[in-house]
Amino acid sequence: MSEIEYVRGDATAPQGKGVKLIAHVCNDLGGWGKGFVLAISRRWPEPEAAYRRWHRERAGNDFGLGAVQYVRVAPYLWVANMVGQRGIRTGSKGVPVRYEAIDAALGAVAGKAAELGASVHMPRIGCGLAGGKWSRIEPLIAGRLTARGISVTVYDHEG
């Protein structure tokens with residue numbers, strides 16, 4: 001079983017060769033304006049535009065917790081918009097992160113990565129604005145991705 005590789009750097013500039021899939025967590029409100037999504041939008045306009053359209057047209061598609069949207073941003077590079085947080089603020093119902101939704105989304109990402117022959121790259125998903133704990137997320141990544149032999153690199157941003 002492969003291990004998760006941890007590196008310092010920018011998850012929007014994934015390292016290595018071959019097809020790459022950048023996975024990150026979005027909310028279920030259609031909001032895109034804080035956290036890692038800003039780094040994505042600085043590099044490519046397509047993931048944000050696709051996510052906003054997916055949310056706007058949600059009555060007729062699969063948008064919701066646990067769903068994943070794949071956006072190709074370069075010939076060998078994809079962004080996976082994973083809906084893994086309910087809302088955007090920590091409040092009476094706790095933090096926005098939804099571990100079961102992230103787990104389901106990672107399962108879908110594993111299938112797509114296997115189909116593409118891709119490695120998966122991500123920041124510490126669900127742990128920033130979503131308020132999640134890495135100790136809960138890491139086993140989901142191990143169970144869904146590395147256990148299937150999919151190479152995963154997690155980026156800790158410098159600065």
Side-chain angles (χ1 to χ4, degrees), residues 10-14 19-134 136-148 150 152-155 157:
D10 180 355
T12 66
V19 180
K20 297 177 199 73
L21 191 69
I22 298 170
H24 72 106
V25 170
C26 305
N27 62 65
D28 65 350
L29 295 179
W32 181 292
K34 284 194 163 130
F36 184 70
V37 297
L38 294 178
I40 289 175
S41 290
R42 275 196 294 273
R43 220 170 262 267
W44 313 282
E46 300 92 346
E48 177 180 358
Y51 168 79
R52 291 189 184 281
R53 186 170 52 253
W54 188 31
H55 177 262
R56 198 169 48 247
E57 298 169 1
R58 65 192 177 280
N61 65 36
D62 67 345
F63 184 92
L65 285 169
V68 187
Q69 177 189 53
Y70 304 97
V71 183
R72 193 175 196 170
V73 294
Y76 300 101
L77 186 61
W78 298 73
V79 172
N81 292 333
M82 304 187 301
V83 183
Q85 50 179 105
R86 161 81 25 97
I88 52 176
R89 291 200 172 70
T90 298
S92 59
K93 294 190 169 52
V95 295
V97 71
R98 291 295 176 266
Y99 296 109
E100 60 286 349
I102 290 174
D103 188 42
L106 287 169
V109 165
K112 184 71 170 180
E115 173 195 320
L116 295 170
S119 54
V120 176
H121 303 260
M122 64 183 76
R124 289 189 187 238
I125 57 169
C127 295
L129 298 166
K133 292 187 172 20
W134 188 247
R136 297 268 314 269
I137 305 269
E138 190 180 43
L140 303 178
I141 295 167
R144 293 291 191 165
L145 296 164
T146 58
R148 289 185 60 180
I150 294 163
V152 177
T153 305
V154 173
Y155 295 76
H157 207 277

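Basis for what follows: all heavy atoms, side chains included, without hydrogens, waters or symmetry-related copies.
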Of all heavy-atom pairs linking V68 and W54, the shortest is C-CH2, 3.6 Å
Between the NE2 atom in H121 and the CD1 atom in I22, the distance rounded to the nearest 0.5 Å is 7.5 Å
*Would one find more than 12 heavy atoms of other residues, nucleotides or ligands at under 6.0 Å from atom CZ of R52?*
yes
Here the gap from H55 atom NE2 to L29 atom CG, rounded to the nearest 0.5 Å, amounts to 6.5 Å
* Does K20 make a cation-pi contact with W78, if we ask for NZ or CZ under 6.0 Å from the ring centre and within 45° of the axis? -> no
How about W32 and N81: does a side-chain donor come under 3.5 Å of a side-chain acceptor?
no
| Do the side-chain N and O atoms of H157 and D10 include a donor-acceptor pair separated by under 3.5 angstrom? | no
d(R124 CZ, E138 CD) to nearest 0.5 Å is 7.5 Å
Worksheet item: Given the rule in the side chain to side chain contact (heavy atoms under 4.5 Å, CB included) test, do F63 and Y51 qualify, once you have shown the distances and angles that lead to the verdict?
Response: CA-CA 9 Å; F63 184 92; Y51 168 79; 3.7 Å; yes
Value for CG (L129) from CD1 (I88), rounded to nearest 0.5 Å, stands at 9.0 Å
Here the pair of heavy atoms bringing A23 nearest to V120 is CB-CG1, 4.1 Å
Looking only at heavy atoms, the pair that brings N27 and V83 closest together is O-CG1, 3.8 Å
dist Q69:CD -> R53:CZ (nearest 0.5 Å) comes out at 7.5 Å
Should D103 and R98 count as an ion pair when the cut-off is N to O under 4.0 Å? no
Between A67 and A105, the two heavy atoms sitting closest are O-CB, 4.4 Å
Heavy-atom closest pair (G87 atom, P96 atom, distance to 0.1 Å) is O-CB, 3.7 Å
